[in-house]
Amino acid sequence: MANMNITAILEKMTGKDKDYRYMATSDLLSELNKEGFKADQGIEPKLTNTVLQQLEDASGDVSGLAVKCLAPLVKKVGEDMVVEMTNILCDKLLNGKDQHRDTASIALKTIIVEVTTTSLAEKILVSLAPKLITGATAGKSAEIKCECLDILGDILHRFGNLITKDHESMLAALLSQLSSNQASVRKKSISCIASLAACLSDDLLAKATFEVVQLLKNRSAKSEIARTNIQMIGALSRSVGYRFGPHLAEAVPLLINYCTSASENDEELREYSLQALESFMLSYDPNFTDCMEEDTDGEAQDEEDDDESANEYTDDEDASWKVRRASAKCLSAIIVSRPEMLSNMYLEACPKLIERFREREENVKMDIFNTFIELLRQTGNMTKGQGDIDESSPRWLLKQEVPKVVKSINRQLREKSIKTKVGSFSVLKELVVVLPDCLSDHIGSLVPGIEKSLNDKSSTSNLKIEALVFTRLVMASHSPSVFHPYIQALSGPILSTIGDRYYKVTAEALRVCGELVRVLRPNFQTRSLDYRPYIGPIYMPYWPAWLIRIRIRRLKSVPYLA
């Protein structure tokens, strides 16, 4: 019965009316997605041929549905039929009409994703891999070469270890494309070789690295070819990790030379060199992640003042920020992978990082902040339980830099950018965690930045939370007397945020309020501050009624305010 229904659907799919074809293709997709569907061997050829025919339908909606049919179809027909489908699609990609090439490419990628058995993968690779290699290296257009390289990269990434006998010939063919005149072909070749490298033997990996290094040694090569080979070195390192170790002695001096000798106008060459150097160090860090936590605050930021854009530095042709950003990431990689060099980092890198807090490109500034935070974290991890008497210890060296850090961060807290202020508080938070009580002499200079972040109408919830978390940490880790001169300035903004509409701001403000109570009356014996003017506002400032009731019950049990 099911196959009779499919036969009727297939007949409608070949009709002249595009609406009927669309509805019939939609019905076929529904049938294919049913768990119990199984096509008879007699209907399989017609089923697959009709779907492949629909891929070239004049209606984009119909061809799009046909592509969706391929995913369940691969699991409902025999392996030989799937192999035949891939061969037909590959021929369409290589020799078909231009307007159908994109659809054939998408269809092939869809099928490859759905292949889950080794037996089917091996059958597909026998015929498909050689055709794709030919398409990527023969005298085809750049578009066809890129499509072939893209699909081949997907295949190698998933099933490269199944065709080890072809690795050497494939490697030779792909390496030849690194000298292509088309930048798009070179870029796709890098990605494809990196996918292949993960399953290469040590000998073939050495061969690949040797050839790329030899090309880099040719200083007469065009700059774009040099950039490609530098990117290839970095991609190989990221792909094979520790296996690239034996080749560092050759690669590192070359990259440093390119980085230092590049002309002022060739920012990309320096950027790629630094990125490749970064990849060498990150390859040895199993905990490395290249993700930055994104701001999930759903509240939209208020528009900046109209005159802000006029004061910003803009230069569409200035690409030097790429070098600075790559340098920051490279330095971060050194800090993570070589903690034994922390003391040297404080002597050589720390002053430069603090100086670069004034970076004009905000994304680069965030990378610099994150690099400095990584330096602080590594210091905390490596010096737990240790004192800071030794003048060569990282903790002692960090203490010497605290005044410079605070001065530079205060400058950033006066900026209009919300992102910059959030990053600044992130630096201060980590500093307090690593060096408790290090800001005793600097609280007064930080209070205005806290005040403005909590009171300013343009402040987002994320900024308020970061400012409150820092305030709580600094209050918990410093002597209460340090804050007494600034209680009046701090208490108002802290208490006002308790009534914030966003519950996370309110929750953090309540935590800070708990620390504020301890600061106001740290013990029974001494009363160094007249805390009475602040009791009323703590009981019920701008609080919602339900919070007032809860807080009154809790404060009645606090003897400090009795």
Side-chain angles (χ1 to χ4, degrees), residues 354 357-358 369 372-373 376 398-399 401-500 505-522 528-538 541-542:
I354 296 171
F357 284 176
R358 57 183 171 81
F369 280 165
F372 190 77
I373 288 171
L376 296 176
L398 174 58
K399 271 192 172 183
E401 301 293 337
V402 168
K404 295 178 184 177
V405 173
V406 173
K407 182 178 179 181
S408 187
I409 287 295
N410 273 329
R411 189 180 296 116
Q412 300 308 310
L413 289 175
R414 292 195 292 270
E415 295 286 330
K416 292 183 179 180
S417 167
I418 297 296
K419 194 173 181 180
T420 293
K421 292 179 182 178
V422 170
S424 299
F425 279 119
S426 296
V427 171
L428 290 173
K429 285 192 305 181
E430 199 64 40
L431 182 63
V432 171
V433 169
V434 176
L435 286 183
D437 202 32
C438 70
L439 297 179
S440 297
D441 299 331
H442 308 285
I443 296 298
S445 66
L446 292 169
V447 167
I450 297 172
E451 268 189 291
K452 187 173 183 181
S453 297
L454 297 179
N455 282 337
D456 200 305
K457 292 182 179 180
S458 66
S459 295
T460 63
S461 296
N462 196 31
L463 175 57
K464 291 179 182 178
I465 290 172
E466 289 297 308
L468 287 167
V469 170
F470 165 68
T471 305
R472 174 171 57 82
L473 288 174
V474 79
M475 282 185 171
S477 59
H478 289 66
S479 170
S481 60
V482 171
F483 302 95
H484 288 172
Y486 315 106
I487 287 295
Q488 187 171 0
L490 285 172
S491 60
I494 292 170
L495 296 174
S496 68
T497 52
I498 293 175
D500 195 273
V505 176
T506 298
E508 195 55 56
L510 287 170
R511 295 187 185 101
V512 180
C513 191
E515 292 297 334
L516 182 62
V517 171
R518 186 186 65 84
V519 167
L520 286 170
R521 187 76 189 273
S528 57
L529 173 72
D530 184 6
Y531 56 81
R532 287 172 297 182
Y534 305 103
I535 295 177
I538 288 178
Y542 315 92

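Please read these numbers as outputs of a predicted model, since none were measured by experiment.
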Q) Just checking, any donor-acceptor pair under 3.5 angstrom between side chains of S440 and D437? A)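 A pair is found: one side chain offers a donor N or O, the other an acceptor, under 3.5 Å apart.
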
Q. Is it true that the side chains of S458 and D456 contain a donor and an acceptor less than 3.5 Å apart?
A.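 There is such a pair (donor and acceptor under 3.5 Å, judged by atom type) between the side chains of S458 and D456.
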
So do [Y] and [X] actually touch side chain to side chain, heavy atoms under 4.5 Å?
X	Y	value
V406	I409	no
L490	M475	yes
K399	L435	yes
P493	I450	no

Q.
I'd like to know if E466 pairs up with K429 as an ion pair, taking the criterion as any Lys NZ or Arg NE/NH1/NH2 lying under 4.0 Å from an Asp or Glu carboxylate oxygen.
A.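 Looking at E466 and K429, the cut-off is met.
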
(Q) Run the side chain to side chain contact (heavy atoms under 4.5 Å, CB included) test on K452 and L413 for me, step by step, so that the C-alpha distance in whole Å, both residues' side-chain angles and the decisive distance to 0.1 Å come before the verdict. (A) CA-CA 9 Å; K452 187 173 183 181; L413 289 175; over 6 Å; no

Can you tell me how far the [atom1] atom of [X] sits from the [atom2] atom of [Y], to the nearest 0.5 Å?
X	Y	atom1	atom2	result
T506	E508	OG1	CD	10.5 Å
I498	L510	CD1	CG	5.0 Å
E401	F372	CD	CZ	7.5 Å
L468	L454	CG	CG	5.0 Å
L516	T471	CG	OG1	10.5 Å
L431	L398	CG	CG	6.0 Å

Taking every non-hydrogen atom, the tightest pair across [X] and [Y]:
X	Y	value
V505	T497	CG1-O, 3.9 Å
R518	P480	NH1-CG, 3.5 Å
Q412	S424	CB-OG, 3.2 Å
L495	C513	CD2-SG, 3.9 Å
S459	S453	OG-O, 2.8 Å
C438	V402	O-CG1, 3.7 Å

Q: With sequence neighbours excluded, tell me which residues meet side chain to side chain contact (heavy atoms under 4.5 Å, CB included) with S408.
A: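 S408 satisfies side chain to side chain contact (heavy atoms under 4.5 Å, CB included) with I354, F357, R411 only.
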
(Q) Could you work out, with side chain to side chain contact (heavy atoms under 4.5 Å, CB included) as the rule, every residue matching D441, not counting sequence neighbours? (A)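 Once residues adjacent in sequence are excluded, D441 has no partner under the side chain to side chain contact (heavy atoms under 4.5 Å, CB included) criterion.
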
Q: Would you confirm whether H484, through its side chain, and V519, through its main-chain N or O, come within 3.5 Å as a donor-acceptor pair?
A: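 Such a contact is found between H484 side chain and V519 backbone.
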
**Q.** Sidechain-backbone polar pair: S426 side chain, V422 backbone, donor-acceptor under 3.5 Å
**A.**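 Indeed, once roles are kept as given, a pair shorter than 3.5 Å links the two residues.
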
Q | Pairs flagged by ring-ring contact (aromatic ring centres under 6.0 Å, His included) wherever residues 406-460 is involved - sequence neighbours left out | A |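 Checked against ring-ring contact (aromatic ring centres under 6.0 Å, His included) - neighbours excluded - the pairs reaching residues 406-460 are F425-F470.
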
Q. Would L520 and V517 count as a side chain to side chain contact (heavy atoms under 4.5 Å, CB included) if you check the C-alpha gap in whole Å, the side-chain angles of each, and the deciding distance to 0.1 Å?
A. CA-CA 5 Å; L520 286 170; V517 171; 5.6 Å; no

